Every structure is written in structure tokens, then in C-alpha cells.
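This one's a predicted model, so the numbers in the text were calculated from it and none came from an experiment.
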Amino acid sequence: MKYTLIFFLFLTLGLPAASQNLGLPFSKFYSSEEYQGGIQNFSIAQSEKGLIYVANNFGLLEYDGTSWRKYSLPNSTKVRDVVIDDSGRILTSGQADFGYFASDKKGSLEFFSLIDKLPSELRNINEVWKIYKAHDRIYFCTVDYIFIFNNAFEYVGNIKSYSSFESYHLAGNQIYINDWEKGLHIISKDSLLPLASGNDLAGKVLSGVISLSQDQRLVFTRDEGIYLHTVSGLKKWRYQLEGGSKINKAFRLKEGSIAVGTQNDGMYLINELEGVTQHLHKGNGIQNNTILSFFEDIGGNLWMGHNNGITLLELNLPFRKIDQYSGLEGTGYDAHLLQGRLYYGTNDGVYSQNLNTPSRNVSPLSQTEGQVYWISDYQGDLLVGHNDGAIVYDGDRLDKTQETSGIWNFQPLKNHPNLVLSGGYNGLFLFENQNGKLRFKRKLQGFNESSRIVEQDEDGTIWMAHGYKGVYKLLLDDKLENVTVQHYGKDQGLPSNLLNSVWKINNRILFTTEIGVYSYNQFSDSFEKDGMFSAYFDEGTIITSMAEDPLGNIFYIASQEVGVLEKQINGGYLKNHQVFNKIKPLLNDDLQNLALIQSNEVLFAAKEGFIWYRLDQNKPVTPAYPTLIRSIYLTNPSDSLIYSGNYNSSDNDESISYPYENGNIRFEFSNPVPNQENSTQFQVWLEGLESEYGEWSNRRDRAYTNLREGDYVFHVRSKNLYGELGEEARFAFTILPPWYRSTWAYIIYGLMVISGIYSSYQWIEKRNKLKTAKITSAQRQALKQKEMALQDSQAEIERLQTEKLENQIQSKNKELASATMHLINKNGFINHVKTGVTSVIKKTKNQEVKHELEKVVQSIEKNIAADADWEQFEIHFDQVHGDFLYRFKKRYDNLSPQEIKLSAYLRMNLSSKEIANLMNISTRGIEIARYRLRKKLQLERSENLQEFILKF
């Protein structure tokens with residue numbers, strides 16, 4: 001009884017899980033042509049930055065979310081396994097070689113082989129099939145040996161097989177080794193430790209080991225199915241694959257399910273409690289049935305390596321596709337769950353799916369071909385709004401009405417439980433329950449507009465929203481035959497007559513318009529903005545579909561977003577819309593619609609079928625991956641790769657310098673978030689040229705040309721589909737100045753400028769000197785001319801002055817000569833008179849007369865000696881002879897007055913006789929006086945006295 005209760009408990013818990021698997025996960029297939037590698041993919045790993053690495057036939061593949069790269073081993077052989085250690089080194093093994101890839105200074109991956117570190121006798125190896133990293137050990141596995149290295153890649157030792165190693169498996173933190181003859185072992189302390197009952201697996205080809213507990217594990221074999229291995233032995237597990245498919249790989253997912261890859265039957269998902277929950281194969285979602293490897297990335301996505309290609313399954317998304325791979329054809333319009341069967345309405349007809357069967361096959365419902373708009377139920381019957389009219393299906397029989405064409409919807413008529421109101425292409429129709437069958441009753445008169453969106457309020461008033469004519473309020477008469485119509489548009493408070501819709505939310509009639517949500521005010525008979533949703537939707541949000549589930553959650557489709565308002569315990573809502581960005585481009589853009597299946601569960605009408613979503617199983621969106629700079633090229637004159645993107649450029653703080661002629665540079669960048677090649681956006685900023693980040697763009701490269709010299713830092717950041725920002729990447733570099741703007745050039749320029757200034761100064765100085773010389777010469781010439789003219793003038797003046805002076809001198813000389821002659825004549829006359837008187841004295845006898853005459857002679861002599869005219873003579877003499885007397889007396893102050901007079905007379909070039917008359921002495925006395933004067937003047941005998949005085 002206890003185990004029965006547990007079984008039913010597990011079964012009850014499993015029902016929601018089964019519901020989770022409705023539809024197929026989103027996927028992306030990469031063909032060998034796309035990744036440009038070999039067909040087989042043996043192992044997959046992911047770096048800390050999010051880069052995906054694949055062990056491929058042609059080498060190591062690298063995927064950055066945008067493009068693929070390939071790296072070869074030195075011997076260009078197959079790569080069998082890839083593991084990334086804590087340091088970011090990419091451990092790789094292949095044929096006859098093993099080692100690791102690490103990035104060089106340019107960001108390119110370079111392979112470092114470890115085979116040379118093996119003992120020489122062990123180096124001749126074939127395939128290195130697997131690599132395991134456990135604690136401080138790295139294990140490289142071959143058929144005969146397992147080589148052990150430490151984290152520093154130092155050889156520690158080896159483990160030799162008993163016969164040959166058949167397979168290797170990692171479960172939890174335990175490495176399992178299956179020896180072909182000895183069975184299953186674990187590695188413990190660098191040696192093999194046999195498991196209890198492990199020899200039961202000897203001779204079996206193992207595909208995987210999954211730990212259930214310390215002593216229990218699932219063992220997947222290639223050819224014999226799945227076993228439960230315990231200490232008590234080996235037995236078949238209760239769940240097996242369909243048709244005994246060959247198993248290539250088994251892998252435990254983080255959420256607990258087990259992914260099983262087969263040789264030719266695709267992939268199975270197994271739940272330990274339920275068994276197989278999903279089977280993906282070439283006919284329902286994947287494009288290759290051979291699965292060689294599995295890997296779950298940091299975002300919860302499952303990567304599968306095929307025999308030809310790689311598939312990405314986005315198991316982390318809370319969405320599943322129900323489309324042609326599920327058996328559903330056409331564009332989705334509406335869906336409805338009725339009695340365990342899910343009905344889908346597409347443009348191709350109605351399809352059904354029985355959710356109570358394991359296969360859950362989707363199949364078309366016959367006689368429903370064509371455009372379907374609406375699916376609902378009434379008293380157990382399925383109602384279908386179809387382009388051909390109304391369809392009623394009771395599970396066995398399908399009836400089409402002949403009286404109508406083009407039915408949009410159905411609404412049980414308020415207060416009339418046996419009547420159903422239907423909106424059609426040309427008005428409203430009534431259907432009636434007759435003996436348990438819904439039959440057409442009549443078309444309502446008075447209203448002929450196409451009525452695609454219809455709702456009823458609590459008092460039975462019918463509201464119809466027309467796509468471009470506005471809103472109609474419809475009232476039925478008591479006989480339910482005629483309609484009273486009242487139209488509402490812009491004059492009644494609506495923003496316009498366009499894009500109006502009506503919905504019933506929280507038992508209220510709400511109207512979505514071009515600029516938000518409105519409600520009807522019956523007291524003013526007009527429309528007004530409804531404040532309930534203003535906190536959740538921006539002004540201008542156009543909601544095209546809206547539905548409320550039984551828990552009060554409101555799902556919606558709007559012009560710019562899709563989402564759900566999750567009901568909170570306080571009565572408010574929590575808006576969740578980022579995760580729905582994934583499905584927005586996939587939705588039906590004809591008549592957008594969402595169909596509630598049950599609480600928290602909804603189907604969105606899509607271009608290809610439907611997209612299933614369950615709110616209570618909502619998972620976190622993909623974590624934000626870092627932005628990566630993948631390549632940097634110098635583009636002048638041709639592309640030259642300078643950085644290959646395999647080290648973290650954000651940690652490269654040292655600026656790299658490039659010549660000025662390489663100032664043309666192109667950056668290529670990416671974000672490794674999977675399956676968002678066309679939706680991830682990027683912002684770039686070149687610090688040093690631009691002031692801030694630019695606009696968001698889907699471009700994954702940016703080129704700059706003709707950069708001037710200076711320091712630059714290139715920044716790039718990304719934003720994924722859900723609006724999450726990826727970590728910024730940056731790259732610092734310096735453009736060196738051209739040689740003519742380098743430091744040395746500026747020094748040379750400075751010296752040249754100084755030299756130029758100096759030369760210019762010298763030239764200007766020389767020029768100025770020449771100019772000055774010319775000016776000076778001209779001035780001198782002019783001055784000379786002026787001087788000459790002046791000299792001429794002065795000469796003329798001097799001549800005139802000389803003439804004047806000469807005239808004056810002549811005049812003075814004439815006066816002086818006249819005075820001198822006068823004196824001479826006077827003295828001569830006096831002397832003559834004296835002589836005559838003296839003669840008379842001598843001849844007279846009369847003493848008295850004689851005495852008187854003697855008085856006269858004395859008077860004459862006194863008159864000659866005291867002649868007062870000398871002073872006047874001296875004045876005139878100095879004026880004529882340049883102060884001769886003044887200078888002569890000053891020079892020779894020992895001369896007597898008589899000698900001064902003699903000198904003056906000699907200056908006048910008078911003869912001795914003339915001087916004798918003037919001085920009243922004899923000629924002999926003059927000679928004596930001349931002699932005395934020479935002596936006082938200290939003249940040599942050769943010197944002429946008169947010439948000396950004339951020259952003085």
C-alpha cells in the first residue's frame with residue numbers, strides 16, 4: 001500500500017511535467033558547410049567567456065555566437081576530445097597527439113603538445129580518445145594507457161589496461177573506466193579500483209554511466225540497452241528505448257533529465273520517474289539522427305554533435321514549438337483544450353492532439369480544411385469559427401451550417417443559456433441548443449458590420465470593436481430579432497476610430513486603443529483612460545490581443561512587446577515581458593491571438609503553428625554573455641590581422657602602438673549567446689575620437705579610417721534579445737604620429753624654426769644693414785651733398801665772411817696803416833720841427849729865445865713819448881691780427897712795452913726805418929731792440945724774427 005501511494009504521488013507529480021513537454025524545443029542546426037569542418041563532432045566544451053569548442057574531424061572548431069573558426073593539430077588529424085581547464089587552456093586530444101591550445105600575444109590559438117613529456121618508450125601512441133580533469137589531475141585516455149599529468153602539465157605517471165580500455169565515462173566527479181576483460185572500474189589515487197559487480201560489464205560496449213547514488217548507477221550500452229548497476233549486480237532498467245536503438249551517448253542534464261543519443265534514432269529525453277518524456281528525431285525537429293556527443297552550456301542549452309552537423313536545443317526556454325515537425329501544418333489562429341484533447345485552428349483547418357497518450361501525435365480533423373478563426377466549446381461540443389461558416393463537432397460527428405459564411409467567434413448569450421451569439425463577416429447571428437445540438441437560429445437585423453471582436457458586459461450589453469470604424473454598443477430587443485446600434489468614436493472620448501479592440505478582463509469590459517487602455521463611463525456615456533494599466537504600459541502601446549487566465553494572470557500581445565502581467569497576492573501585477581522577445585518575431589502578424597489552455601498555460605498563434613508557454617515553469621532567461629572583440633584588422637593598404645580574439649582584451653591595459661599610415665582599423669565583435677545571431681545588438685565607442693557610446697545596431701563590425709595620432713580605447717558592449725547588457729570589451733591602442741609629426745620631427749622643426757628664425761634674422765639684419773647702408777649711403781650722399789652744399793654755403797659764407805673780414809681787416813689795416821702813417825707823418829713832422837727848432841737853437845744867440853725854444857723841444861719830445869693813440873692802436877691791431885698782442889704778451893710776459901710795440905710793428909711787416917719813426921728812435925736803436933727781442937724770444941740764429949712773429 002505504501003509503494004502504491006508513492007507510485008500515484010509520482011504519477012501525479014509527473015502530469016505537470018508531461019504538460020511541460022508539449023511541443024518541441026527551439027533549435028538551431030549548424031551544417032558542416034556552415035562551420036566549414038568535418039562531418040563528425042566527438043566532443044563539445046565551452047570557455048568561461050561563452051565560446052563553444054567542438055572536437056571535429058578536421059580539427060578544433062570555435063563558435064563565438066556569430067561565426068566559426070577552425071584550428072588544426074600539427075599533424076592535421078582528427079580531434080577526439082576537448083576540455084577547458086580553470087586557466088582557460090583548451091585541452092585537446094586526437095590521433096597520435098595530445099596537449100592544449102593557448103593564446104599568444106596576438107590572441108591567436110597556438111597548440112602545445114605534451115607527447116614529448118611522456119617517457120620515450122610510451123610516445124608511440126594511436127588515438128587519445130578522452131580527456132578528464134579531476135581535482136589536480138588531468139587524464140589523457142588511450143586504449144592501452146591513461147596518462148596522468150598535474151595542473152602544471154608535468155607528467156605524473158600512467159595507468160595501464162589489463163587488456164584494453166573499452167570506454168571512459170565521467171559521472172559526478174568520478175571517472176569510470178571499463179576494461180574489456182575486467183569490467184567497470186573507477187580511478188582512485190591514480191590507479192584503477194574495481195567496482196563490486198563491475199566484471200558483469202566486461203565485454204560490453206558502454207555508451208554512458210549516470211550516477212543515481214553512491215552505490216547505484218545507470219549503465220548505457222551501445223547494443224544491449226540500459227542497465228541498473230548496483231553492488232548486488234547488473235539488471236535491465238525498467239525504461240528502455242523504443243525499438244532497441246543503438247546508444248552512442250548518455251548525458252545528465254542540470255535539471256535532472258537524461259539525454260540519450262542514438263546511432264540512427266535521434267535523441268531521447270528520459271525522466272527517472274516517468275521514462276521517455278520526449279523523442280526528437282529527423283522527422284520532428286532535428287536534422288540528423290546520429291548523436292555522437294552532448295554538452296549543456298552555461299545558459300542551459302543542450303548542444304548535440306552529430307555524425308554530420310551540430311544541433312543546439314534551447315531547453316532553457318519556457319517555450320515549445322508546435323509546428324510542422326509536430327504534425328501541425330499552417331499558420332496558427334486559435335486553440336482550445338477540451339476533454340484532454342487539444343484542438344488547433346490554422347489556415348489549413350483544425351488539428352487535434354490527444355494529451356493522454358504517450359505519442360501525442362497531432363492529426364488533422366477531416367472536413368475542416370480552410371481558414372479557421374475561432375475554437376471554443378459549448379456544453380461539450382467544439383465550436384469552430386471558419387471561413388466557410390460555423391462548425392460544430394461533438395467528438396464523433398461534424399456539422400457545418402449552410403446559412404452563414406465567415407464566422408469570427410462565438411459568445412454564449414448572457415441570460416439565455418440555450419443561445420449562442422456569433423459574430424460574422426456581415427453582422428451577428430444566433431445559434432440555439434436544440435435537443436442537445438447547436439443549430440443556426442437567425443441573423444440579427446439592424447446591424448451588418450463585420451464583427452470579429454465581440455464581448456458582453458454584466459447586464460448583457462454587447463460591445464463590438466471594429467478595426468477602423470470605432471466601437472459599437474449593441475442592444476437586442478425582447479424578441480432577440482433586432483439590434484439597436486449606438487456608435488462611439490473620437491467624439492465620445494476614444495483617441496480615434498482605428499485599432500480599437502474590446503476585452504473582458506477581471507469582469508470588466510476594457511477597450512484597447514492606439515494610445516492605451518480605455519473603459520466606458522455609463523454616466524457620461526463616453527470613454528476615458530483606464531488608470532489600472534497605466535503603470536504597466538507606456539503611452540502609445542497598442543494591444544492587439546489580451547486574455548485573463550483563471551488565476552488572474554493577464555497575457556497580452558502588443559505592438560512593441562509580448563508578455564504577461566502576473567497576478568500578485570496584493571492585487572497588483574508583476575510585468576514579465578523580456579523572455580517573450582524570443583517569440584515576438586515568430587507570431588502571426590495577420591490576426592494576432594493567444595489561446596488560454598488552462599491556468600498559467602497559453603498558446604501563442606504563430607506564423608508556423610503555435611508556441612506553447614507555461615508560466616509556472618518559467619525559467620530564467622539566458623544569462624548575459626560577455627561582449628567579445630573577435631578580430632582587429634589594420635586595413636591600409638590591405639587587411640592585416642593584429643588580434644584574433646582569444647585573450648581577454650579588457651585585461652590588456654598596455655596600449656599597443658601602430659604607425660600613422662596604419663590609422664585605418666576595423667574591429668569585429670560578437671556575443672557568444674547562442675541562436676541570437678540576428679537579434680543581439682551592439683554599441684561602440686572609440687574613446688579619443690567619440691564622446692560617448694553611439695546607437696544600438698545589429699552590425700558586428702566597425703571601421704575607422706584616417707585616425708590622427710593619439711591614444712584611443714575602443715569600447716563595445718552588447719545587449720541580448722532580453723535586454724540584458726553583456727560585459728564591455730575594450731582594446732587600447734595608440735596611433736603614432738607620422739614622421740613629420742613625431743617628437744624628433746618637432747625637435748628638428750624647432751631647430752629648423754630656430755635656424756630659420758636665426759637665418760631670417762640674419763637675412764633681415766643683412767637686408768636691413770644693406771638697406772641701412774643704402775639709406776646711410778644715400779643719407780651720406782645727401783648729407784655729403786648737403787655738406788658740400790653747406791660747405792659751399794659755408795665756404796661762400798666764409799668767403800663772404802672772409803671777404804668781409806678781409807674788407808674789415810683791410811679797412812682796419814687801412815685805418816691802422818692810416819693811423820700808423822699819421823703817426824709816422826706826425827712824428828716825422830714833429831721830428832722835422834724838432835730838428836728845425838734844434839737848428840734854430842743852435843743858431844740863435846738869444847738865450848731867452850734859446851731857452852724858450854728848448855722848452856718847445858722838450859714839449860715836442862713829451863708829446864711823442866706820451867702818445868695816447870697807442871691804446872687805440874692796440875685795440876685795432878688785435879682785431880686785425882687775432883688778438884696777437886694778447887696772446888703774445890700772455891706767452892711772453894717778460895717783454896717790455898717797447899718790445900711789444902716792436903713785435904706789433906714787425907707783425908705789420910714795417911721796415912726798420914718806419915719802426916724807428918714810430919718808436920722815435922734811430923734805426924740803429926731798432927736793430928738793437930730787435931736783437932734784444934730775439935734773445936727774449938729765445939730764437940735760434942737761423943730763425944727769422946719777423947717770420948716767427950708773423951706765424952705766431
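No side-chain donor-acceptor contact under 3.5 Å links N482 to the backbone of G446. A donor-acceptor pair under 3.5 Å is formed between the side chain of E548 and the backbone N or O of N506. The backbone N or O of L269 lies less than 3.5 Å from a partner atom in the side chain of T277, making a donor-acceptor pair. Within the 3.5 Å criterion, the main-chain N or O of V454 finds a donor-acceptor partner in the side chain of Q411. N588 places a side-chain N or O within 3.5 Å of a backbone atom of G332 that can act as its donor or acceptor partner. Counting only distance, with no hydrogens or angles, the side chain of T404 and the backbone of G389 share no donor-acceptor pair below 3.5 Å. Side-chain atoms of Q681 never come within 3.5 Å of backbone atoms of K719 as a donor-acceptor pair (strictly under, hydrogens ignored). Using modelled atom types, no side-chain atom of Q592 and backbone atom of D589 make a donor-acceptor pair closer than 3.5 Å. A donor-acceptor pair under 3.5 Å is absent between the side-chain atoms of N500 and the main chain of A465, judged by distance alone. Using modelled atom types, no side-chain atom of T262 and backbone atom of M267 make a donor-acceptor pair closer than 3.5 Å.
Salt bridge status for K567 with D549: absent, with no side-chain N to carboxylate O gap under 4.0 Å. A salt bridge links E539 with K529: at least one charged nitrogen is closer than 4.0 Å to a carboxylate oxygen.
Looking only at side-chain heavy atoms (C-beta outward), L413 and Q456 come within less than 4.5 Å of each other. Contact of the R614 side chain with the L22 side chain is not registered, since no non-hydrogen atoms from C-beta on lie closer than 4.5 Å. Taking 4.5 Å as the limit, some side-chain heavy atom of Y520 sits within range of a side-chain heavy atom of D525. Contact annotation: the side chain of N288 never approaches that of T311 to less than 4.5 Å [non-hydrogen atoms, C-beta and beyond]. Side chains of Q278 and S257 form no contact here, defined as non-hydrogen atoms less than 4.5 Å apart. Side-chain contact between L510 and F533 is present, with at least one heavy-atom pair separated by less than 4.5 Å. Within the 4.5 Å cutoff, no side-chain heavy atoms of W374 are placed close to those of N593. By the 4.5 Å heavy-atom criterion applied to side chains, E481 and R442 are counted as neighbours.
Annotation: ring-ring contact (aromatic ring centres under 6.0 Å, His included) contacts of Y378 (sequence neighbours excluded): none. Annotation: side chain to side chain contact (heavy atoms under 4.5 Å, CB included) contacts of E432 (sequence neighbours excluded): N418, L419, Q434, K441. Residues that satisfy the side-chain hydrogen bond (donor to acceptor under 3.5 Å, both in side chains) test with D538, not counting sequence neighbours, are absent from this structure. Contacts of Y425 classified as side chain to side chain contact (heavy atoms under 4.5 Å, CB included), with partners at least two apart in sequence or in another chain: Y373, N387, W408. Take H281 and apply the ring-ring contact (aromatic ring centres under 6.0 Å, His included) test, not counting sequence neighbours, and it matches H279. A search for side-chain hydrogen bond (donor to acceptor under 3.5 Å, both in side chains) contacts involving S519 returns D530, not counting sequence neighbours. Here Y351 pairs with nothing under the ring-ring contact (aromatic ring centres under 6.0 Å, His included) rule; sequence neighbours left out. Scored by the side chain to side chain contact (heavy atoms under 4.5 Å, CB included) test, A606 finds I611 as partners (sequence neighbours excluded). With sequence neighbours excluded, the residues forming a side-chain hydrogen bond (donor to acceptor under 3.5 Å, both in side chains) with D399 are R397, listed by chain and number. Residues forming a side chain to side chain contact (heavy atoms under 4.5 Å, CB included) with N347 (at least two apart in sequence, or on another chain): T331, Y333, Q371. For the ring-ring contact (aromatic ring centres under 6.0 Å, His included) test, no residue two or more places apart in sequence or in another chain qualifies with W503.
Note that NZ of K490 and CG of L498 are 10.0 Å apart. Values are rounded to the nearest 0.5 Å. Put simply, CD1 on I583 and NZ on K321 are 11.0 Å apart, with the number rounded to the nearest 0.5 Å. Rounding to the nearest 0.5 angstrom, the gap separating the CE atom in M304 from the OG atom in S27 is 8.0 Å. Of the inter-residue distances, the one linking L476 atom CG with I462 atom CD1 reads 4.0 Å to the nearest 0.5 angstrom.
Minimum heavy-atom separation, F580 to V562: CB-O, 3.1 Å. Nearest heavy atom pair, residue A335 against residue Y344, reads CB-CD2, 4.2 Å. Here the closest non-hydrogen pair linking L328 and I322 is CD2-O, 3.4 Å. Heavy-atom minimum distance, I515 versus P495: CG1-CG, 3.4 Å. Scanning all heavy atoms of the two residues, the minimum distance from E314 to K582 falls at OE2-NZ, 3.0 Å. Here the closest non-hydrogen pair linking K443 and G427 is NZ-CA, 4.4 Å.
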Enumerate donor-acceptor pairs with a distance under 3.5 Å from any side-chain N or O in residues 363-370 to protein atoms, sequence neighbours excluded.
unit_1	atom_1	unit_2	atom_2	d
T368	OG1	V350	N	3.0
T368	OG1	L365	O	2.5
E369	OE1	Q367	N	3.3

**Message:** With side-chain contact (heavy atoms from CB on, under 4.5 Å) as the criterion, how do W463 and K473 come out once you've worked through the C-alpha distance, each side chain's angles and the decisive distance to 0.1 Å?
**Reply:** CA-CA 5 Å; W463 294 92; K473 181 181 180 182; 3.7 Å; yes
**Trace of the side-chain contact (heavy atoms from CB on, under 4.5 Å) decision for K400 with L398** = CA-CA 7 Å; K400 288 186 178 181; L398 187 144; 4.1 Å; yes
**Prompt:** Please walk me through it: do V276 and Y239 pass side-chain contact (heavy atoms from CB on, under 4.5 Å)?
**Reply:** CA-CA 7 Å; V276 175; Y239 300 117; 5.8 Å; no
**Item:** Criterion side chain to side chain donor-acceptor pair (under 3.5 Å) on D459 and T461, from CA distance to verdict
**Value:** CA-CA 6 Å; D459 59 6; T461 301; 3.0 Å; yes
**Message:** Determine whether E561 and Y556 satisfy the following criterion, side chain to side chain donor-acceptor pair (under 3.5 Å), listing intermediate values before the conclusion.
**Reply:** CA-CA 9 Å; E561 64 184 32; Y556 66 91; 2.9 Å; yes
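Within a 6.0 Å sphere centred on CZ of F527, heavy atoms belonging to other residues, nucleotides or ligands number more than 12. Annotation for Q560: atom CD does not count as buried by contact number, only 12 or fewer foreign heavy atoms lying within 6.0 Å.
No donor-acceptor contact under 3.5 angstrom links the side chains of T401 and E403, judged on distance only. At a cut-off of 3.5 Å, with distance as the only test, a side-chain donor of Q486 or Y488 sits close to an acceptor on the other residue. A donor-acceptor contact closer than 3.5 angstrom links the side chains of N553 and N600.
In this structure, K28 is positioned above the aromatic face of Y30, its NZ or CZ under 6.0 Å from the six-membered ring centre and within 45° of the axis.
Ring-plane geometry between F29 and H306 is classed as tilted, the angle between the planes lying from 30 to 60 degrees on a 0 to 90 degree scale.
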